[in-house]
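All remarks here apply to the structure that follows.
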Amino acid sequence: MPELPEVETTRRKIEPLLLGRTLTRIEHDAPHKYTDTHKAEGRTVIGIGRRGKYLLLRLAAFEAALAGEDPGDLELLVHLGMTGGFRLEAGPHTRVTLHTDQGAVYFNDPRRFGKVAVVRPGEYAAFPTLDGMGPEPLSEDFGEAEFVKAAASAGAVKPWLLSQKPVSGVGNIYADESLWLSRLHPAQKKLTAEEASRLHAAIREVMAAAVAAGGSTLGDGTYQQHDGEAGQFQVHHHAYARTGEPCERCGTPIEKIVLAQRGTHFCPHCQQLQPR
DNA sequence: AAGTATTCCTGGCCGC
DNA sequence: TGCGGCCAGGAATACT
């Protein structure tokens with residue numbers, strides 16, 4: 001499932017395919033999922049950014065202004081959902097086709113959890129998670145003191161991380177990995193300063209390593225890059241999808257539980273719930 | 001207000 | 001072989 005490292009890898013890969021190109025036509029068949037995409041037609045991609053798990057394509061007004069239309073800049077949002085990704089060729093799971101003045105790029109999404117929308121830059125009211133997105137884990141904005149303070153009164157730590165509020169881009173895989181590395185039980189509440197500091201460092205470490213490895217490609221192949229290349233971080237997983245395998249710190253078999261409707265993997269010896 | 005359940009959606013896998 | 005049933009899960013929504 002695409003989380004920050006996979007989305008960032010995708011961003012880097014599609015940048016040379018879309019930057020500076022003009023979107024001539026956007027084709028899809030699910031208006032309720034892919035909203036206002038026609039507004040992007042005739043506009044030029046002048047930037048490809050990312051916030052958390054969202055890709056943000058900045059669209060210049062120039063071409064539209066020439067055509068006598070609304071001249072304000074627009075933003076094309078893409079969320080990859082569970083199985084979304086870009087491809088160079090159309091396939092059975094092509095959901096959105098971005099036709100440009102120099103060829104097409106295809107948004108592929110078998111399970112249709114992904115989203116595409118065109119909005120005014122920064123107007124994210126229809127996307128509450130993006131609107132309330134916490135700091136980027138690999139930026140200076142991810143302050144340790146602030147994180148420690150918020151963690152002191154938070155509920156179960158894993159659902160808290162998945163909310164995208166304390167930090168952006170952490171999903172199921174990297175939440176489990178960060179908690180394993182910081183030796184915290186996924187259901188731990190009200191982290192001490194020492195625990196929260198460990199988690200803060202672990203999130204940065206895991207995210208940086210995963211971005212460097214091009215993300216994780218799971219056995220089911222749900223995530224791969226536009227060229228079919230696989231990420232390499234899955235070989236560094238310590239907890240996620242390692243149910244029953246020995247913990248690499250202590251040898252205890254990794255356990256799987258369900259927490260907040262999410263499959264959750266942890267070491268019952270290294271990651272014990274502390275009574276508070 | 002925060003926590004929990006439900007919904008979306010489909011490929012892949014399991015067991016019979 | 002084929003089929004039904006179940007599972008994966010990010011985010012929005014509807015509840016309690």
Side-chain angles (χ1 to χ4, degrees), chain A residues 1-10 28-35 50-56 77-85 87 91-96 107-117 119 123-134 137 150-179 185-191 203 207 210 215-224 228 231 234 237 239-244 254 256-266 273 276:
Chain A
M1 57 229 65
E3 305 178 25
L4 185 150
E6 292 77 26
V7 178
E8 177 59 23
T9 302
T10 299
H28 66 79
D29 61 357
H32 63 291
K33 283 197 170 290
Y34 312 120
T35 54
R50 181 192 55 73
R51 268 300 268 133
K53 304 173 198 171
Y54 284 84
L55 289 168
L56 307 172
L77 310 185
V78 181
H79 195 293
L80 302 180
M82 289 283 300
T83 56
R87 297 287 183 273
H93 307 305
T94 295
R95 307 303 182 197
V96 181
F107 180 63
N108 185 71
D109 187 17
R111 295 183 200 171
R112 296 183 186 265
F113 269 44
K115 289 178 196 147
V116 176
V119 301
E123 283 192 9
Y124 303 143
F127 302 86
T129 302
L130 178 57
D131 209 32
M133 190 75 73
S153 58
V157 60
K158 180 173 173 181
W160 181 64
L161 290 177
L162 295 181
S163 76
Q164 307 299 301
K165 290 192 171 73
V167 60
S168 65
V170 177
N172 209 37
I173 296 174
Y174 299 108
D176 282 3
E177 292 303 311
S178 298
L179 291 167
H185 192 286
Q188 187 65 57
K189 300 177 182 184
K190 297 183 169 34
L191 304 191
I203 290 168
M207 285 301 197
S216 301
T217 295
L218 303 182
D220 61 3
T222 47
Y223 165 75
Q224 55 178 297
Q234 65 283 357
H237 289 178
Y240 186 82
R242 294 194 69 247
T243 311
I254 297 293
K256 181 177 182 183
I257 60 171
V258 174
L259 180 64
Q261 291 79 240
R262 296 286 170 268
T264 296
H265 315 74
F266 70 108
L273 195 57
R276 297 267 133 90

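Just so you know, these numbers come straight off a predicted model, no measurement behind them.
Per the geometry, NZ belonging to A:Lys165 stands 9 Å off P belonging to B:dA2, to the nearest Å. The interatomic distance linking A:Asp176 (CG) with C:dG9 (P) rounds to 9 Å, in whole Å. Between A:Trp160 atom CH2 and C:dG10 atom C1' there is a gap of 19 Å when expressed in whole angstrom units. When the P atom of B:dC9 is taken as reference, atom CG of A:Asp29 falls 12 Å away, rounded to whole Å. A:Met82 has its CE atom 10 Å from the C1' atom of B:dT10, to the nearest Å. Taking atom CG on A:Leu259 and atom C1' on B:dT4, their separation rounds to 11 Å, with Å as the unit. Rounded to whole angstrom, the span from the NZ atom of A:Lys33 across to the C1' atom of C:dG10 amounts to 11 Å. For the pair A:Phe107 CZ and B:dC9 C1', the interatomic distance rounds to 13 Å; values are reported in whole Å.
The closest side-chain heavy-atom distance from A:Tyr174 to A:Leu161 is not below 4.5 Å. Taking 4.5 Å as the limit, some side-chain heavy atom of A:Lys158 sits within range of a side-chain heavy atom of A:Asn172. Looking only at side-chain heavy atoms (C-beta outward), A:Tyr124 and A:Tyr54 stay at 4.5 Å or farther from each other.
For C:dG10, the OP1/OP2 oxygens have no side-chain nitrogen or oxygen of A:Lys115 closer than 4.0 Å. A sub-4.0 Å separation between OP1 or OP2 of B:dT10 and a side-chain N or O of A:His93 is absent. Within the structure, a side-chain polar atom (N or O) of A:His32 is placed less than 4.0 Å from OP1 or OP2 of B:dC9. Side-chain N/O atoms of A:Tyr124 include none lying less than 4.0 angstrom from OP1 or OP2 on C:dA11.
Nearest nucleotide to the A:Pro110 side chain, out of B:dG11, C:dA8, C:dA11: B:dG11. Distances were taken from every side-chain heavy atom of A:Arg112 (C-beta onward) to each of B:dT10, C:dG10, C:dA8; the shortest belongs to B:dT10. Candidate nucleotides C:dA12, C:dA8, B:dT6 were compared by shortest atom distance to the side chain of A:Gln261, and B:dT6 ranks first. Proximity note for A:Arg111 (side chain, C-beta onward) versus C:dA12, C:dA11, B:dC9: the nearest is B:dC9.
Among the protein residues, A:Lys256 comes within range of the sugar-phosphate backbone only, with heavy atoms under 4.0 Å from sugar or phosphate atoms but none that close to a base. Within the nucleic acid shown, A:Pro128 comes within 4.0 Å of sugar-phosphate atoms alone, with no base atom in reach, counting heavy atoms only.
In this structure, A:Phe113 counts as stacked on the base of C:dG9 under the 5.5 Å centre distance and 30° plane angle limits.
Two residues, A:Gly155 and A:Arg262, neighbour DNA chain B, and the one matched to the more 5' nucleotide by heavy-atom proximity is A:Gly155.
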A:Leu56 vs A:Leu77, side chain to side chain contact (heavy atoms under 4.5 Å, CB included): CA-CA, chis, key distance, verdict | CA-CA 5 Å; A:Leu56 307 172; A:Leu77 310 185; 3.2 Å; yes

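Nearest approach of A:Leu191 to A:Gln188, heavy atoms of both residues: CD2-CG, 3.6 Å.
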